[in-house]
Amino acid sequence: MGRGTGRRLIAGFVALALAACSNYTNHANYTPQNSSGPAAVERHATQALAEKAKGDDYRDGTNGIGVDYAEAIRWYWLAVEHGSTGASNNLAALYLNGLGGPVNVPQALRLYRLAASGGNSYAMVSLGDLAQKGLGVPKDDEEAAHWYGRAIDADGNTVALNELALLYEYGRGVPQDMSQAVPLYRRAAEGGNPVAMVNLGNLYATGRGVPPSDVEAVAWYRKAAELGNPGGQRALGLMYLEGRGVPQNLSEASKWLKLVAQPQFIGPKQGATAPAP
């Protein structure tokens with residue numbers, strides 16, 4: 001390589017780096033910057049933590065800051081450049097939903113994959129969700145099951161546990177197998193996921209994959225209801241209304257059903273328990 005060619009390449013790399021720092025909306029081909037040495041790694045981690053927290057504040061309107069998605073995007077990009085997988089995951093969600101700018105599904109996918117490659121289980125769950133929906137990628141339940149399994153292996157993500165249980169319950173992307181679905185729902189429910197609590201309660205209420213038990217169904221509905229889950233509140237109210245698993249009690253039924261509109265017995269099957277951290 002000639003000296004002139006080398007200089008032009010170096011200049012080009014510098015220009016790209018400066019553009020990445022100055023224009024936070026143009027990161028289509030972003031890859032993390034290299035760091036060397038434990039001091040640099042620790043410094044970048046500290047910066048990333050503070051920058052992601054600032055992005056969260058602008059996204060959520062917390063700590064005296066008003067909601068400003070454009071500012072959230074700016075701070076998240078800074079955190080991504082310092083290696084934050086959480087910021088990459090949250091930034092992906094903004095692009096996916098068109099918050100702070102136009103909807104950009106390809107950019108969201110790149111960011112989710114970046115976060116997932118760094119071990120972020122929430123990004124893995126999102127990649128599974130996109131594969132289920134066929135959004136930005138071909139619809140593929142087997143691929144969705146793969147990502148949910150990876151999220152479970154990463155840290156026992158309770159949303160992934162619930163979603164993989166659903167696939168096993170209905171045989172989508174995996175063989176239909178209630179002996180796999182039930183323990184997954186149970187792990188998710190015992191881990192605090194109220195959606196999984198409702199789904200497990202539904203199994204007991206209908207005797208699907210488990211011995212029928214209205215008492216057990218009520219116990220799981222109550223746990224979900226007390227966490228504020230509408231599906232749990234609705235189901236618990238109807239159990240009181242019908243006297244199933246508990247003595248019939250119209251006052252208790254009214255108390256729980258007033259919290260939700262248009263009561264239905266079967267609660268929602270899917271959904272994260274909270275916004276991604």
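Scanning both residues, G156 and L161, for their nearest heavy atoms gives O-CD1, 3.6 Å. Closest approach of G136 to L109, counting heavy atoms only: O-CD1, 3.4 Å.
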Apply salt bridge (Lys or Arg N to Asp or Glu O under 4.0 Å) to R172 and E142, showing your working. CA-CA 7 Å; R172 299 199 306 261; E142 188 174 347; over 6 Å; no

Check against salt bridge (Lys or Arg N to Asp or Glu O under 4.0 Å), R74 and E71: CA-CA 5 Å; R74 186 174 77 86; E71 273 297 292; 3.2 Å; yes

One pair to check against side chain to side chain contact (heavy atoms under 4.5 Å, CB included): Y148 and M124. What are the steps and the verdict? CA-CA 7 Å; Y148 296 144; M124 296 172 194; over 6 Å; no

What do the steps show when you test Q248 against L241 for side chain to side chain contact (heavy atoms under 4.5 Å, CB included), and what is the final call? CA-CA 6 Å; Q248 188 177 45; L241 185 66; 5.7 Å; no

Applying salt bridge (Lys or Arg N to Asp or Glu O under 4.0 Å), run through D129 and K133 and close with a yes or a no. CA-CA 6 Å; D129 292 344; K133 297 171 183 174; 5.4 Å; no

Would R43 and H82 count as a side chain to side chain contact (heavy atoms under 4.5 Å, CB included) here? Give the steps. CA-CA 9 Å; R43 183 173 65 254; H82 290 122; over 6 Å; no

Quick one, M197 with N193, criterion side chain to side chain contact (heavy atoms under 4.5 Å, CB included). Give me CA distance, side-chain angles, the key distance, then yes/no. CA-CA 6 Å; M197 294 172 191; N193 186 324; over 6 Å; no

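When side chains are defined from C-beta on, Y185 counts as touching N162, because their heavy atoms get closer than 4.5 Å. Put simply, the side chain of Y112 does not reach to within 4.5 Å of the side chain of N120, judged on heavy atoms.
When only modelled atom types and interatomic distance are considered, T62 and D60 share no side-chain donor-acceptor pair under 3.5 Å. For N63 and D57, the side-chain atoms include at least one donor-acceptor pair closer than 3.5 Å. A donor and an acceptor atom, one from each side chain of E143 and W147, are located under 3.5 Å apart.
Seen from the ring of Y221, R244 does not count as a face-on cation partner, given the 6.0 Å and 45° thresholds.
Looking at S88, its side chain does come within 3.5 Å of a backbone N or O of L111 through a donor-acceptor pair. For D155 (side chain) and N157 (main-chain N/O), a donor-acceptor pair under 3.5 Å exists by modelled atom type. Looking at S117, its side chain does come within 3.5 Å of a backbone N or O of L114 through a donor-acceptor pair. Without hydrogens or angle criteria, N89 side chain to A123 main chain gives a donor-acceptor distance under 3.5 Å. Side chain of Q176 to main chain of G171: no donor-acceptor pair is present (N/O by atom type, distance under 3.5 Å, no hydrogens or angles).
Counting non-hydrogen atoms of other residues, nucleotides and ligands closer than 6.0 Å to CD of E42 gives a total of 12 or fewer.
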